[in-house]
Amino acid sequence: MAGENPNFQNTDPPTVLVHRFPSFDFPPGNRLSTQFHLLDPITSPPTSPVLLHSIRALLCIGPVPVTPETLNRLPSLQIIVGSSAGVDHIDLTECRRRNIAVTNAGSAFSEDTADYAVALLFGVLRRLPAGDRYVRDGFWPVNGDFPLGFKLGAKRVGILGLGSIGSEVAKRLAAFGCSIAYFSRKKKTSVLFPYYENAIDLAANSDVLIVCCALNDETHHIVNKDVMVALGKEGVIINVGRGPLVDEKQLVEFLVRGELGGAGLDVFENEPNVPKELLERDNVVLSPHCSVATPESFEALQDVIIANLKAFFSNKPLVSPVQKD
Amino acid sequence: MNHQPTPQTGKEKNPNLKKISGIKMESIGVLMTCPMHKYLEQQLETHFNLFKLWHCNSSITEFLKTHQGNTIRAVVGDTNIGADAELIASFPNLEIVASYSVGLDKIDLRKCEEKGIRVANTPDVLTDDVADLAIGLILGVLRRICASDEYVRIGKWKDADFGLATKFSGKSVGIVGLGRIGTAIAKRAEAFGCSISYFSRSQKPFANYKFYSNIIDLATSCQILIVACALTEETRHIINREVIDALGPKGILINIGRGAHVDETELVSALLEGRLGGAGLDVYENEPEVPEELLGLGNVVLQPHVGSDTVETSDAMADLVISNLKAHFSNKPLLTPVI
């Protein structure tokens, strides 16, 4: 049985079914294909339905939905290995009901995402892209000094979701002199930063909100009008989570009316569409959902995926299981 | 945040600045060399007899045609126009040069010392902002923040994903000059899990980072090289072709010091030829001119000398300039003396 030998020597590598959008794939030559027998229905449709019936592991590449219908076709499925930190595209309730374990990218992306959150915040407060454009467009010799920005360390930073990513953001911004506070599902007893029981209270005591929590039913539009009002006219929102964590229509309205100071957004409610009102604004930094688009993150992701699959096939504890509580 | 030019700030922030101990400071002639910060200008106008050199085309000669040179007892300069030998010679009653900067490269310090002219600058208050910018430039270059922002704005995301950037956390950082700013940069880079090494005139006994006694070795060992030292005769063009080649095709150069720290011609050709991976620049050899070849490059981030250009820090620098001037003219110790 493949399950007995984690190194799969002298045995065939275990089969993993690949689930992805046609346009979305891992680069060729990735390490997964050498460690596992990847069955990709898009490139090689299975010749017999029996094959699907015996599939125990599903590798989800990208945010392709995993629905009850998907699961109905895989009666032997025991694990879904995701390729992102977010698993909002996977029906976790259904998986739990069918006793299917789900793993995500764990902390493979946390550093890059945290770095990116800091980059977006810097871009908004110190106007980095706008200043870069100012130089490239030749305005410096003509118009003189570029308008002033705002000091990072003077800002009270509120982190929405102090998980793996949120903790890394906190560590970095603390070094810039920012004061840090957070809201999370539960207060973290080992964390010394002030905790707020809800997003509005956090916003009321912050100048910057960094959205790093998972997207689920409770957190949909967690950054809503009330939160934005509490944050205030000088407030800045940074979103490196998922677009639907923020009420985008409301955000745009507030930015246009000057009810909010600025925003740094890597994610949007309807990617790759970005509200056109944002495209002209200097107090926003826009980004095409690329907070983890680095070779380093991809290597780390492969490590996590391989570790989870190896653990599964060896009946060992999974490396990054998603808990649904 | 808004799109208006510098907001009015801090008029009443420091009421103590208005209390004068029996000296008519409003009559003291102070020359401001160029527009720096509206709040500073207002404070100088309020407390002294302010003259603005740019009203005379920034020319000392022209200024002296319509003003008596001996009225000027203080000069407030900055990174554009400081106090060179010509200026110092033109104002025989000059007692103090208070620079709206921490850098002193635009001040003829030797001349000041010779003539007993005090010099003050603005250290510490701007350390955070400049250190923040060093990290911001690194993130801008490695994570391609400016390019990706542009990508979205011109609608390219609808056609294709942006492509890969490079991770910052965990990279090796080399700092040229471990002074106040260099140390602040190191502290920030450490929070990103970077290994830190440095080159300095001498090893710092309390710094827990690897010291290199020559800059080529530093450049060879690190992926990101940051210029954070003062500009002096020794450090002019300290980043030359040899250093750039040692940094290499995957290396990134960050300059938040002075343009003259870097041999700009060599930098440009290294970038064009791919001998250097990228650069984040806040300063240039001939500001506000920026080499045209850089304007089209995707692996550079260019800033218009904004190192300390935040509302908070500009006001703090201005307050320090005013405080130094008031201290001097009250015969009190300068707060941040250089000479």
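Labels below follow one simple rule: chain letters A, B, ... track the order of the sequence lines, proteins then strands, and each chain is numbered from 1.
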Spacing of [atom1] belonging to [X] relative to [atom2] belonging to [Y], to within rounding of 0.5 Å:
| X | Y | atom1 | atom2 | result |
| --- | --- | --- | --- | --- |
| Ile135(B) | Phe176(A) | CD1 | CZ | 5.5 Å |
| His289(A) | Ser148(B) | NE2 | OG | 12.5 Å |
| Asp161(B) | Ser23(A) | CG | OG | 8.5 Å |

Counting only non-hydrogen atoms closer than 4.5 Å, does [X] touch chain A with its backbone (N, CA, C, O), its side chain (CB onward), both, or neither?
| X | answer |
| --- | --- |
| Glu150(B) | side chain |
| Ser314(B) | side chain |
| Val306(B) | both |
| Thr313(B) | side chain |
| Tyr151(B) | side chain |

Chain A contacts, top residue of [options] (heavy-atom pairs, under 4.5 Å):
| options | result |
| --- | --- |
| Arg144(B), Lys156(B), Glu287(B), Met36(B) | Glu287(B) |
| Asp128(B), Leu133(B), Val290(B) | Leu133(B) |
| Gly155(B), Pro35(B), Gly136(B) | Gly136(B) |
| Ala184(B), Ser308(B), Ala191(B), Pro288(B) | Pro288(B) |
| Glu292(B), His305(B), Gln303(B) | Gln303(B) |

Item to complete: Decide if atom CG of Leu192(A) counts as having more than 12 heavy atoms of other residues, nucleotides or ligands within a radius under 6.0 Å.
Response: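 At most 12 heavy atoms, drawn from other residues, nucleotides or ligands, come within 6.0 Å of this atom.
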Worksheet item: Above 12 or not: heavy atoms from other molecules or residues under 6.0 Å from CG of Asp159(B)?
Response: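 Enclosed.
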Is there side-chain contact between [X] and [Y], with heavy atoms separated by less than 4.5 Å?
| X | Y | result |
| --- | --- | --- |
| Thr294(A) | Thr166(B) | no |
| Arg143(B) | Asp112(A) | yes |
| Asn273(A) | Trp157(B) | no |
| Ser287(A) | Ile145(B) | no |

Which atoms of [X] are under 4.5 Å from chain B, going by heavy atoms: the side chain, the backbone, both sets, or neither?
| X | result |
| --- | --- |
| Ala119(A) | both |
| Val135(A) | both |
| Leu278(A) | backbone |
| Tyr134(A) | side chain |

Fill in: Those residues that, when tested against Arg133(A), pass salt bridge (charged side-chain N to carboxylate O under 4.0 Å, His left out) (two or more places apart)
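Result, salt bridge (charged side-chain N to carboxylate O under 4.0 Å, His left out) vs Arg133(A): Asp282(A), Asp149(B).
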Worksheet entry | All salt bridge (charged side-chain N to carboxylate O under 4.0 Å, His left out) counterparts of Lys52(B), not counting sequence neighbours |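 So Lys52(B) forms a salt bridge (charged side-chain N to carboxylate O under 4.0 Å, His left out) with Glu41(B), Glu45(B).
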Discussion item. Suppose a student defines contact as a heavy atom less than 4.5 Å from any heavy atom of chain B. Which residues in residues 136-144 of chain A would they list?
Written reply: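 Interface residues of residues 136-144 of chain A: Arg136(A), Trp140(A), Pro141(A).
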Worksheet item: Just checking heavy atoms, which of residues 276-286 of chain B are less than 4.5 Å from chain A?
Response: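 Only Tyr284(B) of residues 276-286 of chain B have a heavy atom under 4.5 Å from chain A.
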Worksheet entry | Over all atoms of both residues, closest heavy-atom pair of Asp132(B) and Phe122(A) |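 Heavy-atom minimum between the residues: O-CE1, 3.2 Å.
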Item to complete: State, to 0.1 Å, how close Leu279(A) and Arg153(B) come at their nearest heavy-atom pair, and which atoms those are.
Response: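 Minimum heavy-atom contact is O-NH1, 2.9 Å.
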Discussion item. For the interface with chain B, which of Pro129(A), Ser297(A), Pro272(A) has the highest count of heavy-atom pairs at distances below 4.5 Å?
Written reply: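 Of the options given, most contacts go to Pro272(A).
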Worksheet item: Among Ser291(A), Gly235(A), Ala114(A), who wins on heavy-atom pairs under 4.5 Å with chain B?
Response: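 The option with the most such pairs is Ser291(A).
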Discussion item. Under a 3.5 Å distance rule, please check whether Arg172(A) uses its side chain to pair with a backbone N or O of Arg188(B) as donor and acceptor.
Written reply: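 No, the answer is negative, given that no donor and acceptor are paired below the 3.5 Å cut-off.
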Worksheet item: For the side chain of Glu111(A) and the backbone of Ser169(B), is there at least one donor-acceptor N/O pair under 3.5 Å apart?
Response: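 It does not hold such a pair.
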Worksheet item: Does the side chain to side chain contact (heavy atoms under 4.5 Å, CB included) test come out yes or no for Leu137(B) and Leu128(A), once each step is laid out?
Response: CA-CA 8 Å; Leu137(B) 284 169; Leu128(A) 193 82; 4.3 Å; yes
Worksheet item: Taking 4.0 angstrom as the limit, do Arg126(A) and Asp129(B) come out as a salt bridge?
Response: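 Salt bridge flag = yes for Asp129(B) with Arg126(A).
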Item to complete: With salt bridge (charged side-chain N to carboxylate O under 4.0 Å, His left out) as the test, would you mind laying out the steps for Glu299(A) and Lys167(B) before giving the verdict?
Response: CA-CA 11 Å; Glu299(A) 288 303 307; Lys167(B) 186 173 182 175; over 6 Å; no
Item to complete: I would like to know whether Leu148(A) and Thr310(B) meet side chain to side chain contact (heavy atoms under 4.5 Å, CB included); could you show each step before the answer?
Response: CA-CA 5 Å; Leu148(A) 299 177; Thr310(B) 64; 5.7 Å; no
